[in-house]
Each structure stands twice: as C-alpha cells, then as structure tokens.
2 protein chains.
Amino acid sequence: MIILTQRDQSVLEAVITDYIETGEPVGSRTISKRSALNVSPATIRNVMADLEELGLLHQPHTSAGRIPTARGLRIYIDSIMQSKQLERQERDLIRDELRKRPRDVKDLLQRTSRFLSQYCRQAGVVLWPKLTVTRFKHIEFIRSGPQQVMVILISKDGLVHQTNIEWTEEITQRELDKYSSYVNELLQDLPISSVKERIREEMRSEKALFDKLVSRALEMARQAMHDSSLDDSEVYIEGQSNLLDNPEFADVARMRRLLHTFEDKSRIIRLLDVTLKASAGIQIILGTEDELQGLQEMSLISSPYGRGDRPLGVLGVIGPLRMDYSRIVPVVEFTARFISQILELADEN
Amino acid sequence: MIILTQRDQSVLEAVITDYIETGEPVGSRTISKRSALNVSPATIRNVMADLEELGLLHQPHTSAGRIPTARGLRIYIDSIMQSKQLERQERDLIRDELRKRPRDVKDLLQRTSRFLSQYCRQAGVVLWPKLTVTRFKHIEFIRSGPQQVMVILISKDGLVHQTNIEWTEEITQRELDKYSSYVNELLQDLPISSVKERIREEMRSEKALFDKLVSRALEMARQAMHDSSLDDSEVYIEGQSNLLDNPEFADVARMRRLLHTFEDKSRIIRLLDVTLKASAGIQIILGTEDELQGLQEMSLISSPYGRGDRPLGVLGVIGPLRMDYSRIVPVVEFTARFISQILELADEN
DNA sequence: TGGTAGCACTCAACCACATAGAGTGCTAGA
DNA sequence: TCTAGCACTCTATGTGGTTGAGTGCTACCA
C-alpha cells in the first residue's frame, strides 16, 4: 500500500489534470504556477522524482516533463478524484436525448451508445441484454418449410430472438398455433434461465405422456430453447472515429491495433461480462498490458444497467487512458440509471 | 469518346497492374522491362505523356513515375481488364464458408459481409433487404402494456421487424390473438409493398363496416404497417481495419474522414440504393469527388442479390481506388449469385 | 531539515543545407 | 517512328547546428 502525503497527492492530481487537458508531458514550472500550493518548481521536481520512484509518474526522456502511469491514474481515480456533479440542465439533456421516440429496445440501446460517444467524445459501448436474464413473454412457431419451423421468442423487456429448427415430420401452421398457445400458457413470466428446467419437468408429467399435442409442443419448445445463441451477447460500439481525434492516435500502427480489437467483438464482450458479473456500479478498467490485450493504453468506464439484483447488460465509454474521468464517470452513471428506469417500466407489464 | 491504340492500352494496363501491386508511381523503365511489348523506356515515356494529356494518368511531381487517375481506372475496368475466372476450389471455399450453420438471415448476411472483407482484404459491405420488397408471411400482436401492443412482422425471407403501437383502449391478449389470426389470413403472401393498399380496401368492405372485430383488427394492422421504419435500410460494414493496412492510409487525416463516413451509414445506404435500383449486375463506382463525398479516393464494387426481377439488397466490397479489380469482381459476382440462391430457397416455402 | 535559487546538462524538435537517385523531357540520330 | 543520351527536376534522406523546455544537483537560507 502506497501512502502519499497531502502534497504528493496535490502534485499527482495537478500533473494528471494538466495532462488530461493538454496531452503533453507536464513540467515542474507549469505545476508550480498552476496549482494552489505555492511552492517553487524545484520543490515540485523533488516530489515528482519521488512519485516517479513509486511508479506513479513516467518521464518519456530526461529533458521532458512527466506523464502519469496507469498506476498513477488508478490512485488518482480511486482516492483523489472528485467526480463533478451533473448540472440539472445536463441531466435534462441526457433524459431528452434518450427518451425521444421510444421505439424498440434495440433502437434505444443503439441510440444510447451513440449518445455516449457523442457526449463524451469517445467511443460509446453497450452490451446487449442477454436473453437468459429476462423473463419469458411469448413464443411463436411459424412454418417456414414442410419440415422447418421458425421460432420467435420474445422476452418481457421486449427482446426478440429468432431461431430455426428442423422438424422430423411435415407439419401445418394450424398445429403450430396450438403448440404456441400451449407453450405460451405454460411458460408465461418464467425467468428464461429456468425455462429449460420447467419444460423438462413438464415432459415427465402425466399429461405429456398421454397427450400427443402436449408432448410434441414440449419437444418443439425444448429444441427452440436449446439453441446456444440464446446466451449470445451482442455489443454496440459507436463513435470509433472520435477516438481518432485524440492526438495519441497520430500513430497509425496503434490505430490499426485498436480497430482490430473493436472488430473482434468477442474480446470486448468478455471484458464487459466481467463488469456485468461484478455488478457493483460504476467500474473503471485501465488498459495495462495484462488486463485487456489489444486495448493497451485504453481505458473503459462502465456500469451495469437493469435492476440492481438483476443486471441486464453493461454500458460505458471506451477512450484513451487520458480521459476526463471526473466528467465522464457521472455521465455514465446517470445514463445507466436512466436506462434502467426505462427498461424497468417496460418490464412491469 | 477516347480512342486508344493497342499500344496505349497496353501501357495503361501495365501502369495500372503495376500500381495496383506496389502502390508506388510507376516509371517508364519498369514498364519497358515488365510489359510484353518490347520498346524502350523513352518510347513508353512518349505514350505516357499522351495518356497524361488525356487525363488517364497523373504525375505527382516532375521527377516521379505515373499513377492512374480515376478516369484511367474507369477505362481500364470497362474495356481493358479481363476478370480472372474463379478456380473451382475458390468457388468451393466460398460456398462452404457461407453455407455453414444456416441460422437466420441476419446471421447469414453478417457473415457474408465478414467473409467478403476477409477474402478480399478490404471492407465488406452488405445492404440489408428492405422489408418492402419481400412478401408478407406472418404478423403477431403481443400485449406489452394495458394499452400498448408490440407488433412482430415476419416476411417470407425470414426477416423480422418489430414495432410498438399505442392503442386507444385497454385490450387483452386473447383479443389480440384474434386480430392476428384474422390479419394473417387476409394478408398471406401479399407483397409487403401492397399490404397497405389491401388493408385500406378491406376497411371499406361491408364486412369491416359491420364486424367490430374485423374493423379493429384492420385498424391495428394499418397502424402497424404505417410505421416509417418499414422502409428503413440497414447496412453492415465489416473489416474496416483491413483498409488501414493499405499504405494509402498512412495519412491519419484521411483515415479519420473515412471512418466518419462509415459511421454515418445513411450516406452509404443512399449509395448502395443506387446500385439496388440499377440492379444491372455488378457495378463499380470510383470515388471521384462528385459521386461519393467522404469516399474520395475510394471505390465500391457491388452487386445486387435476390431475384433478378426483385433484388433484395446489395453486397460488395469497399476499398481504395487501388484494388485488384480483376480478382475481386468475380468474387463479388459469385457471392451475390450464391446468396441469391440461398434466399430464393427460403422464399419457396 | 525542508524549501529555494542557480547552473550545467540533456534531449527532442526544428531548420538549413548537401547529396543521391529515380525519373523525366528533349534533341539528335538510326 | 523509335531509340540513345544527356541535362534537368524534384523528393527523400542524412548531417550538423541551434533553440528551448525541462531536468538533476548543489549550495544556500530560514
């Protein structure tokens, strides 16, 4: 555990704030002039040397100023930084932006992602709710071939999921309708995670053993819910081009690495899944080599949305390590809360 | 109309092939050695000077070689280039790639886009089928609140579309089921473009005037089909990072412009719509300033897919002007044909 | 003992200048 | 009509010098 004196903290904060603003290494003179503590550059230099020894600052070359390391940022974020409060008008703006034209969930989340990217001038990211955490609302079997059935599954939150299944014998739409309505009745309001279980249970019941319709309907439902893609996650990343405006991406090689990472969504999904499972409010992950390969020098501010006890997905902002955390953190926090509200409303019915 | 001698054509072709390969301006000496016509560099220089005067070649500075202009490329593509035939094994590879795991349409097209990007090492692009060009298969009204109805609309090709409508009075799922089955009967197999018309017609019929259920069902269907998003297009662009590997994007400013363009999909959609409407097989658009703003120096190779008389969407490849057209054109062509086949099969039922 | 002033030192960034090499245009000759 | 040769142009690359920001260290002060 690193213990910093009040002055150390002030200097660290000053370096970081200035660095976040300018993106350039910060010299001792600048800090001496800017910061509240009235000490000379030479003194600052001593403190900075100490902070460098602790691994919180870094000097690109001997005659340059300092920039914060990931470790330095970590400490700043965890114990020094004060998140700015959102102004009322800012909150209103976010609300208006997200509330307009309440179309389907997909639209809402896509727009959220776009909004986050624009408002924070970084990349906005939203992890799509997994079906498995919502509740069953409706299923529909539709004949799409002599022995082919298209299945549409709808969750309480308004998520729509689509699969195809092959059936062993020819089947009419009329029969399928009967299956649908039976299964709908049976599974109404169940958490999707326990649907499989319920079906299996029911299949063992007396009714299923003797009633051909029931047993077939159950078999079809079983196949439909067996689909592995039920558990698939999807992720929206918007505003990647905002990242390019940061001077840290003057380097083309870096850009390329980053875009590659964004295209291979699975890695991002895995990362967001961590936040989802932690589900402990806002979370900030700094891209040191070990944690997010491919996102070195990047940083992720994210928060789960949904009910506290039942998070649906994750939303947040991806940007360079040099981001204005004190501004973006409350924006992400507020957005997550607001989206949760909207979705909860839908879920009531 | 520009008339070129045989030799002019050969030189133009040689410049372009070499330029496509290396990305560097091509000098007279290189061509003299490489090309089949055995003439000295000096002669080539004369020809090149002529071609430059015609606006087909361009010289970045006096002591550099030539690069083709968009106009030069146009002529090359239209009348000089011979598309390579696809090897059997290449065709098999494409087929295997696209046929595996026949999930829903979305998945298929997304994979197609990804495949095109990987195989051509450029960005792959797919314009999603518009609902309006397919035929009606199934509609489902689902209660999502006391006065709110979620509408799921499914087309023959397996496209799923979702809307919400507000209803003026409270309504039960049971009623909604009746509406669904009535509307399904009524609209079965109609082209979606004429569905609105059909509904209006039916609303004027005697039945609708006296039967409350019918009139309400029709009203609901009308509202559902009124949704402007029916006509929305969506577009998938994959493999943007491939573009970065081209040396022409060493320039960061250019990159940024390009990414911005890709994020504002509406422009791309408008562009692809042109191809869709022309529906005349493969089409190559070169990004001279006037045609595609934001895509300067880029080029689009695209082809509609679907039936000839009823194209569903467009797929293709976006890359720099310097692309291996002779290789990519047949790939796009074959892919479009193959995807059309797959979708047509689904449409039969 | 902690803070400060001063000074020598380091290093990137910038500029001016020189050089090499690729490629051209032009002219004279086959 | 084509080609060989030559002078010319222009970029890319490299070199050396200068500038300025910023440091570390030491000596001094309260």
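As the structure is a prediction and not an experimental result, all values here were calculated from the model. Side chains are part of it too, since the values below use all heavy atoms of this structure and drop only hydrogens, waters and symmetry mates. In the text below, chain A, chain B and the rest are named by the order of the sequence lines, each starting its count at 1.
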Margin query: Taking side-chain hydrogen bond (donor to acceptor under 3.5 Å, both in side chains) as the definition, give me every residue that meets it alongside E13(A), ordered by chain and number, with sequence neighbours left out.
Written below: none
Check: Can you list the residues that meet the side-chain hydrogen bond (donor to acceptor under 3.5 Å, both in side chains) rule with E248(A), with sequence neighbours excluded?
Finding: R322(A)
Check: Which residues pass the ring-ring contact (aromatic ring centres under 6.0 Å, His included) test with F115(A), sequence neighbours left out?
Finding: Y119(A)
Next item on the list: Could I get the full list of side-chain hydrogen bond (donor to acceptor under 3.5 Å, both in side chains) partners for Q240(B), not counting sequence neighbours?
Entry: none
Item checked: Residues which pass side-chain hydrogen bond (donor to acceptor under 3.5 Å, both in side chains) with D324(A), listed by chain and number, not counting sequence neighbours -> S326(A)
Next item on the list: Starting at atom CD1 of I44(B), determine the distance to atom P of dG23(C), rounded to an integer number of angstrom.
Entry: 14 Å
What protein N or O atoms touch nucleotides 18-22 of chain D N or O atoms at under 3.5 angstrom, if any, and at what distances?
none

Note to self: What is the distance, to the nearest angstrom, from the NE2 atom on H61(B) to the C1' atom on dC10(D)?
What the structure shows: 6 Å
Next item on the list: Sequence neighbours left out, what passes ring-ring contact (aromatic ring centres under 6.0 Å, His included) with Y236(A)? Give chain and number order.
Entry: W128(A)
Next item on the list: Sorted by first residue and then second, give each side chain to side chain donor-acceptor pair (under 3.5 Å) pair with at least one member in residues 14-24 of chain A; sequence neighbours left out.
Entry: D18(A)-R34(A)
Atom pairs under 3.5 Å: protein N/O with N/O of nucleotides 1-3 of chain C:
unit_1 : atom_1 : unit_2 : atom_2 : d
dG3(C) : OP1    : R7(A)  : NH1    : 2.5
dG3(C) : OP2    : R7(A)  : NH1    : 3.3
dG3(C) : OP2    : R7(A)  : NH2    : 2.8

Margin query: To check you understand the geometry: which heavy-atom pair defines the closest contact between I237(A) and S113(A), and what is its length?
Written below: C-OG, 4.3 Å
Would you tabulate the side-chain donor-acceptor contacts of residues 43-53 of chain A under 3.5 Å, counting partners in other chains and residues two or more places apart, or write 'none'?
unit_1 : atom_1 : unit_2 : atom_2 : d
T43(A) : OG1    : S40(A) : OG     : 3.2
R45(A) : NH1    : S28(A) : OG     : 3.2
E52(A) : OE1    : R66(A) : NE     : 2.9
E52(A) : OE1    : R66(A) : NH2    : 2.9

Checklist line | Proximity to DNA chain D (any heavy atom under 4.0 Å), residues of residues 49-58 of chain A only | finding: none
Next item on the list: Please list, chain by chain and in numerical order, all residues satisfying salt bridge (charged side-chain N to carboxylate O under 4.0 Å, His left out) with E238(A), sequence neighbours excluded.
Entry: R114(A)
